[in-house]
Amino acid sequence: MVQKLLKPLLIMGGGAGLAAAPVVLSEYALGFMVSVMSYVTLATAWAMFSGPTRYISLATVAFYGTGAYTVAVLSETLPYPLVLLTALAIGVVLAAFVGMATLRLAGIYFVVFSFGLAELVRQLITWFEVNVTGTLGRYIFLPFETQHIYWQLLALAGFTIGLGAWIRRTRLGLAPKVIGDDEVVAAHSGIALARTKVMLFVVSAALMTLAGAIQSPRWVYIEPGIVFNPTVSFLTVIMALLGGAGRLWGPTLGVIPLMVLFEWLSANFPDHFSILLGALFILIVFLLPNGVLSALEGWMKSAKGQSNGKTIEEAQT
Amino acid sequence: MLLTTLMIGLVLGGTYALVALGLSMQYGIARIMNLAHGEFMIAAAFCAYVLFNGAGLPPLVTLLIALPLGYGLSWLVYSVMMHPLVKRAPNRGQLEADSILATFGLLFILQGIMLLVFGSDFTSYSYLNHPINLWGTNIAANRLVAFIVSLTLGLGLYVLITRTRWGATLRAVALSPASAPLVGIQVDKVARQAFAIGGSLAAGGGVLVSMFVTFSAAGGVVFTMKALIVVIMGGTGNLMGAIIAGLALGIIETFVTSYIDPGLSLASVYILFIIVLLWRPQGLFGTARS
């Protein structure tokens with residue numbers, strides 16, 4: 001009983017504490033927290049689709065960048081909420097198109113497509129800006145300070161985790177798990193394979209687009225080359241994997257240690273950043289294939305199992 | 001003008017075909033989806049550049065070094081990195097996911113090393129850069145040489161694989177890794193060889209491309225993307241399909257860049273890819289799979 005009450009209380013308390021953070025934090029620390037919230041959203045949204053289906057999406061920054069660039073184009077002409085809605089709509093349409101073209105087929109087609117999607121969108125936008133509008137590079141003048149962006153991202157991250165928790169309990173959330181385990185069984189038990197995958201992909205991409213859109217005023221000056229930075233896709237995958245893409249809180253848990261590490265690495269080893277990152281990535285794939293949470297649980301299980309015997313099974317459920 | 005564009009496209013396509021052939025060997029036979037393929041290629045291109053500028057070694061000599069070196073290094077990568085993943089994976093899907101992730105990490109390591117050593121500037125050198133008149137059009141000698149060498153390598157490999165006993169064992173593993181051991185084929189050894197040959201072709205392709213294209217340390221990813229698309233367009237595991245699709249891609253890309261806009265090279269490739277996916281998902285030359 002106590003545990004049942006404890007969890008929502010903890011989440012509410014944590015949320016309130018995070019919301020109050022701008023009061024105490026310095027500008028630098030708050031900027032760091034903005035990145036943390038943005039990556040919590042990205043990694044959780046990534047895991048929402050790629051975790052259960054095991055389709056590795058390398059296209060995070062395609063949606064994130066689309067969101068950011070939409071704000072850069074429209075922020076002067078439309079009111080802010082409408083700009084966010086437009087960004088969301090563009091992200092949804094792009095994801096639906098990509099999903100419908102590739103997710104009906106074997107997973108590899110999707111991976112190949114997602115690998116180049118960001119570069120494709122970047123080239124198309126650059127071409128359009130140079131040849132049609134004639135303005136490459138845009139300024140965003142929105143009356144937002146760091147804490148405003150932080151609160152928006154905190155809300156989005158909270159919403160993403162909540163949505164993830166909710167989807168897990170619905171048929172939409174159970175279906176991809178079956179698909180990930182065995183596509184044939186899934187198809188035979190009446191799951192619409194392609195529709196489920198496309199829907200989850202669209203939801204995940206929509207959240208990524210919003211994260212980019214909300215964070216864009218932080219840049220002030222935006223260019224396709226800046227917002228479509230492939231490192232974002234890379235970091236999202238590595239964070240979700242470290243925490244465990246199969247768990248609701250896994251990606252969040254992966255974000256925090258890695259953000260601290262990246263901050264330290266980029267300050268001390270700016271030239272070796274991608275080498276160290278790549279090596280870390282390979283280590284995670286080899287040592288923690290299911291993420292830290294599963295590994296910890298495995299260790300605890302074996303440690304407890306020696307002392308308590310069978311009671312663990314009951315305690316777990 | 002039209003004929004010149006066609007020739008330049010064909011030459012570019014020749015190297016695409018070679019690199020895609022390498023990827024097809026790695027994915028079709030060794031079952032490893034290697035996202036760092038283009039980095040091997042760029043590394044070889046830098047080798048050719050350094051040896052040409054530093055020691056005056058012509059790229060065609062470097063090619064003789066790059067092919068076995070690419071083979072050896074890829075053999076090592078397979079043994080150290082991929083083999084444990086192959087052993088661990090319970091099924092093909094899991095191996096695909098693991099190999100994509102591991103080579104994605106490898107991509108960043110190799111790219112980081114090259115950025116550190118060579119910087120992010122575009123590099124090129126001038127070798128055999130005089131025009132040769134061919135059917136009334138002028139084409140640079142280096143392009144022609146690269147085209148002839150890549151086609152020789154590609155078709156040579158094709159003949160080896162389709163006509164020899166050794167090639168038959170490779171095809172057997174590609175077709176059914178589970179049944180190949182029943183007829184005495186060491187799947188592990190064959191997979192290692194196929195992966196190493198793939199790396200060797202990437203290195204060869206890199207040396208050839210460096211003769212007529214400007215390249216940069218971060219440019220490998222785009223080559224990987226194009227090679228992946230060529231492999232899928234040609235039909236997974238279909239070597240002749242990969243060669244033809246590579247040539248076609250080179251021609252189409254050259255036409256788009258010279259008549260529409262050079263910034264749209266990748267976009268043109270992707271539009272082609274989408275058309276193929278919607279129209280013939282099994283690839284232009286592939287056979288339908290369940």
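Residue numbering restarts at 1 for every chain, and letters A, B, ... go by the order of the sequence lines. Because the structure is a prediction, the values reported are computed rather than measured.
- Among A/V130, A/L58, A/L276, A/L283, the residue with the largest count of heavy-atom pairs under 4.5 Å with chain B is A/L58.
- Proximity to chain B is limited to the backbone of A/L117, based on heavy atoms less than 4.5 angstrom apart.
- Nearest heavy-atom pair across A/V61 and A/A118 is CG1-CB, 3.4 Å.
- Residue contact with chain B, scored on non-hydrogen atoms closer than 4.5 Å, is absent for A/F273.
- You'll find the side chain of B/L247 stays beyond 4.5 Å of the side chain of B/Y16, heavy atoms only.
- For chain A, the nearby parts of B/L101 are the backbone and the side chain; heavy atoms of each come within less than 4.5 Å.
- For A/F97, the part sitting under 4.5 Å from any heavy atom of chain B is the side chain, from C-beta outward, and nothing else.
- Between A/F110 and A/F49, a ring centre-to-centre spacing shorter than 6.0 Å is recorded.
- When side chains are defined from C-beta on, B/L228 counts as touching B/M33, because their heavy atoms get closer than 4.5 Å.
- Interface remark: B/V221 contributes backbone and side-chain atoms alike to the contact with chain A (heavy atom separation under 4.5 Å).
- Only the side chain of B/L116 comes within contact range of chain A, with heavy atoms under 4.5 Å apart.
- For chain B, the nearby part of A/V237 is the side chain; its heavy atoms alone come within less than 4.5 Å.
- For the options A/H272, A/M100, A/E119, heavy-atom pairs under 4.5 Å to chain B are most numerous at A/E119.
- The shortest side-chain heavy-atom distance between B/F195 and B/V77 falls under the 4.5 Å cut-off.
- Heavy-atom distances place both the backbone and the side chain of A/V112 under 4.5 Å from chain B.
- Ring centers of A/Y55 and A/F201: at least 6.0 Å apart, outside the cut-off.
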